[in-house]
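A quick note: this is a predicted structure, and the numbers were derived from the prediction, not measured.
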Amino acid sequence: MSRIGVFICHCGENIARTVDCGAVAEALREHPGVVVAEDYKYMCSDPGQQLIKKAIADNDLTGVVVCACSPHMHEKTFRRAAAQAGLNPFVVEMANIREHCSWIHDDRGEATAKAIDTARTIVEKVKHNKPLQTIRIPVTKRALVIGGGIAGIQAALDIADGGHEVVLVEKEASIGGHMSQLSETFPTLDCSQCILTPRMVEAYQHPRIKLYTWSEVEKVDGYIGNFSVTIRRKARSVDEDLCNGCGDCQAACPSRRIDSEFDAGLSRRPAIYTPFPQAVPNMPVLDREHCTLFKGRRKGLAKDACGKCKETCLKGAIDYDGQDTFVTEEIGAIVVATGFQLYDIGREQPAGLKGYGEYGYGEVPDVIDGLQFERLASASGPTGGEMLRPSDGAEPKTVVFVKCVGSRDPEKGMSYCSKICCMYTAKHTMLYKHKVHDGRAVVFYMDIRAAGKGYDEFSRRAIEEDGAEYIRGRVSRIFRDGDKVKVWGYDTLSHRQVVVDADMVVLATAVRPQPGIGELAQKLSVSYDQDGFLNEAHPKLRPVETNTAGVYLAGACQAPRDIPESVAMAGATAAKVLGLFSADELERDPSVALVDERTCIGCFNCEHVCPYGAIEHRDVCDMEGHVCGHVAYVNPGVCQGCGTCVAVCPSKSVELAGFTDDQVYAEINALAGW
Amino acid sequence: MTLAYYPGCSMHGTSREYEESLLAVAAALELGLTEIADWSCCGASSAHAADHLLGVALPARNLALAEAQGADEVLAPCAACYNRLSGAVHAVAEEPGMAAKVPEVLGRAFANSVRVLSIVELLQGLAPVIEERVAARLEPNPLEHLNIAAYWGCLLVRPAAITGFDDAERPTGMDDVISACSANPVSWNMAVECCGGAFSVSRTSSVLRLSRAIIEDARHCGADAILAACPLCHANLDFRQSAMSLRGEPPMPVLYITQLVGLALGLPMAALGFERHFVDTQPLFARLAREAEKAAAAAAERDAAKAARAAAKAGAS
Amino acid sequence: MARCYQCGKCSAGCPMGAEMALPPHDIMRLTIANDRERLFNDDSLWLCLTCETCSARCPNDVDPARVIDALRELAAGEGAEHAPRNIRAFHESFLEQIRSTGRLSEVGLIMQYKLRSGALLQDVAVAPAMLRRGKLPLRPQRIAGVGEVKALMAACERERGARAAPAAGGAAAPGAGATGGHHNGEDAR
Amino acid sequence: MSELQDTARRLLDEGLVQVVIGWEEGPRGARPVFVTSAADCERLIFDARCVHNLATFLNPRRSQITALGKAAVVVKGCDAKAVAGLLREAQLERAGIVLIGVRCGGVAGEPATLAPPALSAETVSARCWGCDVREPESVDMLVGEAQPEPPVTADLDERVAALDALSPAERFAFWTKELSRCTQCYACRQACPLCCCERCIVEKTEPQWIETSPHPRGNFAWHLTRAQHLAGRCVGCGECERACPVGIPLGLINRKLQQVVYELYGYTVSEDPAVPAPIGAYATDDTQDFIE
Amino acid sequence: MSVVNQPQRSGERAPDDSGRATAEFEPRITAFVCNWCTYTGADLAGTSRLHMASNVRIIRLPCTGRIDHVFIVKAFERGADGVIVSGCHPADCHYTAGNYHARRRFGVFRELLSFLGVDPERLTFSWVSASEGGKWADVVNETIERVRRLGPFDSYHGLAGAATPADDPFARFEMPAGATGGTAAAPADGHDAASQAPSGTGDAS
């Protein structure tokens with residue numbers, strides 16, 4: 001016979017204001033199976049929890065129902081309290097009489113009656129709750145970091161320094177990400193390469209970091225602590241062990257008219273290339289799409305059209321026949337650090353976005369974006385750091401910087417602020433003025449958002465010391481006029497139209513997530529918002545976790561982030577991962593399915609619907625040991641407790657612990673007395 | 001497909017050459033335009049400046065007439081009329097209560113079933129036919145040497161919700177028609193900037209300022225002429241051009257899109273109303289004709305030389 | 001209208017922006033602040049060419065063109081006509097032409113415009129050139145449905161009258177919106 | 001049907017199967033027979049009275065039949081679809097069964113006659129209307145001459161449409177009256193080849209989702225669940241209705257579900273076991289007009 | 001051991017009490033919701049203090065995939081006048097595919113119920129995400145109003161009352177002309193399928 005304790009919380013007056021807690025306690029006292037029913041001002045407080053513990057001890061309770069807030073709030077609290085009093089935590093349930101009752105009704109009578117019914121329903125359910133033990137699953141103490149930008153590198157280093165192996169997967173030929181393309185970084189103007197390259201080398205040489213560049217995540221199976229990740233190692237055409245990075249092949253390569261991704265299209269690179277001098281690993285990769293030899297093969301030419309790089313390579317490291325290979329790694333936790341890309345104002349746009357026709361759709365040569373300007377300013381850039389414009393290489397005497405291109409523009413499909421443009425545009429004006437002292441830097445802005453440490457002083461310095469002309473107003477049209485670029489703006493502070501004949505225009509375009517983030521999110525079953533940024537579990541309290549246990553977010557894959565934030569998030573994910581790896585086993589919610597093998601006819605409808613592949617076939621043998629049938633078996637480690645199998649089983653041979661048919665039937669039944 | 005024709009008030013007045021060339025082209029391409037009987041003024045900018053409902057009802061009356069006369073499409077060559085008519089279609093379809101209010105105010109049935117067509121959509125659709133006709137012409141085509149800047153103005157492309165048949169910032173429809181006529185479209189910057197529109201009479205100074213900027217940019221980008229598809233724009237660019245101080249630059253002829261197509265189809269000059277222009281177009285045509293002969297002569301020489309070489313080779317072997 | 005964050009892009013692209021004391025983004029600001037007095041006592045509203053550049057390029061999906069249309073209607077409704085004389089003359093002559101013949105005859109328009117605007121010498125020099133080019137048909141074309149057009153315009157007039165009535169009441173109290181000194185935005189409707 | 005008998009005899013002689021399940025002449029029309037010796041093969045017949053769905057006897061829970069050893073079964077088109085249903089839910093191994101298909105020209109609505117009746121619009125069974133498997137393909141061998149199209153009869157679709165035309169209250173009254181006659185004897189379950197659960201949900205008492213007392217409320221719960229479990233699986237062989245002692249028009253419900261599954265997901269019950277049943281599979285762009 | 005199939009309580013409403021006039025009729029709605037999206041959405045409606053009528057009783061389940069059609073049948077049997085089934089939007093499901101299976105299952109079951117005479121208006125299926133507190137309030141209020149217009153579902157609740165077929169309980173039901181007798185249920189050709197006992201569709205042996 002059930003001995004259930006019911007505890008009604010006033011929640012200060014959140015509940016008591018519209019629900020007569022005393023009446024609820026009184027009504028529940030007479031409910032069959034209830035041995036104690038009390039109401040108290042703050043059940044979740046320490047005295048409240050003591051009340052429960054005492055009741056469990058005094059009345060030898062077999063179940064507890066706390067009528068208070070939503071289980072999402074304090075289910076864990078009350079289950080922990082019951083456990084401390086020796087009662088199995090899984091016979092404790094909550095009746096939601098606050099969010100679903102007192103807060104949404106005004107009539108005291110109605111609310112009290114509803115509270116009583118809700119309490120009764122949960123009491124009937126708890127009569128069927130069975131004590132459950134948490135499932136303990138092994139944890140593979142190896143982490144996977146996707147993306148080798150500053151966030152990925154930092155996360156990998158922190159986890160590896162924490163004593164655990166890390167697999168770092170980078171899509172490009174070298175790690176470093178967008179930070180490697182920058183010249184200097186705000187707010188300290190220290191050289192980006194100088195602070196980044198040591199970290200890259202440290203990651204490359206770290207004994208516990210296994211680095212896969214020119215590779216992508218192909219498939220992710222399993223769940224927290226037990227991921228099995230298949231990584232596609234794209235064919236590099238260069239043998240990693242033989243190559244010593246001498247660079248002869250790059251010099252010999254005849255096709256040199258390929259746009260360099262690293263220089264954001266401002267310079268050309270050969271078909272076999274290392275992205276930039278400090279690349280880690282310092283090993284070239286053969287771009288098979290643009291290489292004449294592979295183009296010939298694709299056209300079916302009998303004889304190879306080229307082979308220069310192979311001929312010149314003294315180490316014989318070039319191999320044209322290698323194909324993509326796949327590697328599977330056992331992983332316990334995953335950190336996503338895929339970073340960002342800049343919005344392109346061109347005509348072709350992904351669904352939901354529009355290009356900037358009024359700025360010429362990016363077809364005006366001297367209208368460039370932020371990263372291109374960084375390359376112009378960078379010593380390792382196409383112009384060796386000299387400020388020369390892309391069209392004719394002349395030194396631009398007037399440069400216009402346009403902020404909020406794409407960002408804060410719902411009409412073009414991006415309503416958010418990209419956060420970093422105000423700071424890097426101020427930096428750009430400084431870089432420009434330091435190189436072209438008599439030059440004129442004009443910035444069209446709406447607001448200056450410089451909220452970090454030393455950020456505002458930095459942007460004031462650009463205006464006060466370096467003489468950047470800040471004009472408050474958005475630009476209506478940009479078009480080419482002879483060798484000048486005409487910019488139609490407006491100064492809302494002096495109430496006059498402003499037309500600037502610029503030599504070069506730099507657009508501070510919006511920060512977008514990396515292309516392909518959608519497919520990666522689906523592989524990790526992580527959700528993303530309408531702009532494509534990955535969703536964190538809770539914006540304030542769990543900013544680096546996701547709703548999928550074991551997957552963490554660092555850097556600009558979650559939202560526009562600058563370098564300090566990306567590094568801080570990377571450290572946070574490392575802390576989460578190291579916390580997960582601190583125990584050998586992981587405790588997991590025991591709400592899993594269980595098959596009654598006596599009535600299962602082996603139709604395996606359950607197996608077809610299980611999204612996690614948690615259902616296996618198990619042989620049934622007769623007396624002589626011959627296999628005479630198969631039944632379904634649920635692997636408790638893999639099952640996540642969704643219950644779809646329970647609903648599709650015609651003979652009701654599967655039960656989901658915590659939400660068994662008995663419990664649901666009891667809840668429905670309790671409503672009959674409504 | 002019955003195509004009704006809504007001329008608009010200026011077609012019989014300041015832009016008669018637009019109608020003449022349109023009708024000539026329509027005849028040449030057997031378009032079968034039938035003018036809407038008893039059409040009335042669409043109210044242009046004055047009506048909707050005074051009252052939104054009036055700005056919708058006036059054009060709606062013509063749509064209702066077209067419906068009654070069994071048309072399912074209406075050609076409105078004048079950009080202002082096109083904007084007002086399609087604006088009415090949009091308003092009656094989208095704005096709550098308008099669908100009931102308009103017929104009540106008109107005093108006649110109106111089902112809003114007619115589609116409004118602009119001159120550019122029509123000619124762009126006929127581009128292949130034009131191209132065939134141009135190719136079929138034997139004598140050298142002077143238009144091949146004509147660099148012309150396609151001027152859209154504002155009412156043909158904005159607001160996008162109503163016009164929407166081409167990109168509002170970088171439209172290409174007129175360029176297609178120009179290429180079909182074997183002329184060379186010029187890439188320039190003022191294609192969609194406003195010419196001053198209705199202020200032609202009431203605030204001419206603004207019109208001169210805006211139109212001069214358009215003409216200068218066209219010349220700056222190497223255009224011999226400007227192609228217009230709206231009587232208001234044509235008036236401001238052509239009729240007002242004499243009042244602009246073009247700082248010594250030669251005058252810039254302004255052609256109607258239908259006139260260009262007429263030339264391409266080889267229709268006689270007289271039928272296209274060139275004599276009604278304020279900026280004389282004859283010097284331009286004369287120059288083009290000379291260049292065409294020169295090019296033809298050069299081509300003939302080249303053919304002769306090639307034939308001679310071929311003959312010499314044949315003779316030698 | 002609350003979506004307007006005063007970025008100035010509409011005023012930047014407005015062809016008449018240079019000649020307007022209150023370019024589109026100022027008009028939006030004053031409309032939000034309900035400063036009728038400054039809005040209606042300025043001819044900027046009437047300098048708008050309705051070329052829709054502002055609405056096409058607004059980043060935050062605001063429609064300044066419609067706002068300006070509505071303000072013009074309100075201004076006309078409240079009798080606080082501040083249109084520059086010749087622009088008002090042009091519009092009134094235009095509508096008068098339609099009311100009388102159903103269509104617009106440019107000759108009639110010029111005549112009536114000159115009477116109303118007093119710009120008697122406007123384009124006189126060019127009239128003969130127009131005639132020579134057959135661009136000035138002297139006889140205005142009357143359409144059969146003139147009565148219908150008249151009725152239609154009258155009906156619209158009545159509709160506007162009915163709609164303007166309550167607003168008129170509001171405006172009856174002199175300068176209801178403009179009581180405070182220069183910062184009168186706070187007592188918005 | 002000598003071709004059928006020869007095939008059976010050959011299978012038994014060569015020891016390919018130990019029993020041939022077919023029909024024989026019975027005192028009140030054709031009845032199922034289990035032939036285990038070559039000599040008895042001449043008892044096998046096939047004509048318009050062979051209405052039973054012999055796939056019912058392949059249910060692995062029928063131990064007395066499985067004890068006879070490997071079986072060959074004579075199947076009409078609808079029976080072959082039922083076999084595919086069993087294969088789809090791993091109740092049978094395809095290699096463990098031999099299917100002798102027969103060309104079928106439709107079966108009789110009133111099969112209990114000594115001589116096979118001539119099929120006409122009045123005598124043919126409603127289930128044969130619009131049959132698309134008169135010559136089953138998924139069988140090992142096909143016997144019998146080509147049969148003509150079954151005559152067009154008062155088809156089920158029209159009667160379903162007639163019910164659809166009624167208001168929900170009228171339909172409710174109609175089914176309440178029909179289902180009030182149900183005594184929950186579960187003959188429909190026993191006759192159905194696809195109802196092969198070890199312990200049916202209706203026999204589960206802890207908790208008892210379906211009240212087994214034969215009042216209409218319990219009957220509604222039973223027939224709703226039986227129909228939902230057969231949605232997208234029922235081959236429309238009509239045996240449940242034929243077996244119902246109180247004549248409840250279950251065929252209407254089954255037919256309605258076949259229509260619903262076709263309208264919503266374009267699915268028709270197929271002879272090919274590889275084609276998955278609709279319930280238990282999904283498409284990301286399934287219709288959801290009924291969802292707010 | 002469940003106490004009893006149906007808890008005995010004095011205040012229990014006799015199932016076939018159809019005395020409640022629709023004006024002050026307060027429908028009883030049972031809602032089966034998924035824990036991750038709709039339940040959290042309902043929490044959000046609470047924290048936002050959105051007002052709702054108190055006719056709905058919520059039963060929490062891990063996923064709409066877990067919601068079985070027998071739950072709906074049992075809810076109606078136990079006195080519900082309307083049922084809401086709500087969960088995560090497609091592609092949002094915490095378990096990736098639970099809502100897709102539910103969508104197919106209830107797509108068919110809704111038609112089956114309607115065919116057997118249960119008015120689909122009594123059933124509300126909806127997607128409510130964790131951030132759509134407002135939408136949950138609308139779904140609840142709209143369903144209550146809709147079911148209030150339909151009145152109490154006594155025809156279903158009263159089914160058990162008609163246990164013995166002998167006293168024809170449906171005498172008081174004026175059988176709609178076409179439903180059982182006559183030819184309405186059968187097509188024009190007079191083939192009287194429905195009411196002809198015992199032949200059903202005419203081929204019973």
> When rounded to the nearest 0.5 angstrom, what distance separates CZ in C:R103 from SG in B:C9?
Replying inline: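 Result: 7.5 Å between the selected atoms.
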>> I need the C:M16 CE to B:C194 SG distance, nearest 0.5 Å.
In response: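 The CE atom of C:M16 sits 8.5 Å away from the SG atom of B:C194.
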Region of [X] in contact with chain B, defined by heavy-atom distances below 4.5 Å:
| X | answer |
| --- | --- |
| C:S55 | neither |
| C:E73 | both |
| C:R57 | side chain |
| C:L104 | both |

Tell me, for [X] versus chain C, whether the close heavy atoms (under 4.5 Å) come from the side chain, the backbone, both or neither.
| X | answer |
| --- | --- |
| B:A57 | both |
| B:L54 | both |
| B:E275 | backbone |
| B:F239 | side chain |
| B:L155 | side chain |
| B:L65 | neither |
| B:R276 | both |

> Tell me, do B:H52 and C:R66 make a side-chain contact under 4.5 Å, heavy atoms counted?
Replying inline: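 In short, these two side chains do not touch, never coming nearer than 4.5 Å.
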> Do C:E19 and B:S206 have a side chain donor and acceptor closer than 3.5 Å?
Replying inline: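 Per modelled atom types, C:E19 and B:S206 side chains form a pair under 3.5 Å.
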>> Using modelled atom types and a 3.5 Å cut-off, is there a donor and acceptor pairing between side-chain atoms of C:R72 and backbone atoms of B:D51?
In response: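 Here the side-chain-to-backbone pair does not exist.
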> What residue in C:L45, C:D63, C:L47 has the most heavy-atom pairs under 4.5 Å with chain B?
Replying inline: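 The residue among C:L45, C:D63, C:L47 with the greatest pair count is C:L47.
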> So which of C:D69, C:T53, C:V146 has the biggest tally of heavy-atom pairs under 4.5 Å with chain B?
Replying inline: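 Among C:D69, C:T53, C:V146, the one with the most close pairs to chain B is C:T53.
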>> If you count heavy atoms of other groups shown closer than 6.0 angstrom to CE of B:M269, is the number above 12?
In response: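 Yes, because the 6.0 Å sphere around CE of B:M269 holds more than 12 heavy atoms from other groups.
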> Taking it one step at a time, do C:E106 and B:S10 satisfy side-chain contact (heavy atoms from CB on, under 4.5 Å)?
Replying inline: CA-CA 7 Å; C:E106 276 133 345; B:S10 49; 3.4 Å; yes
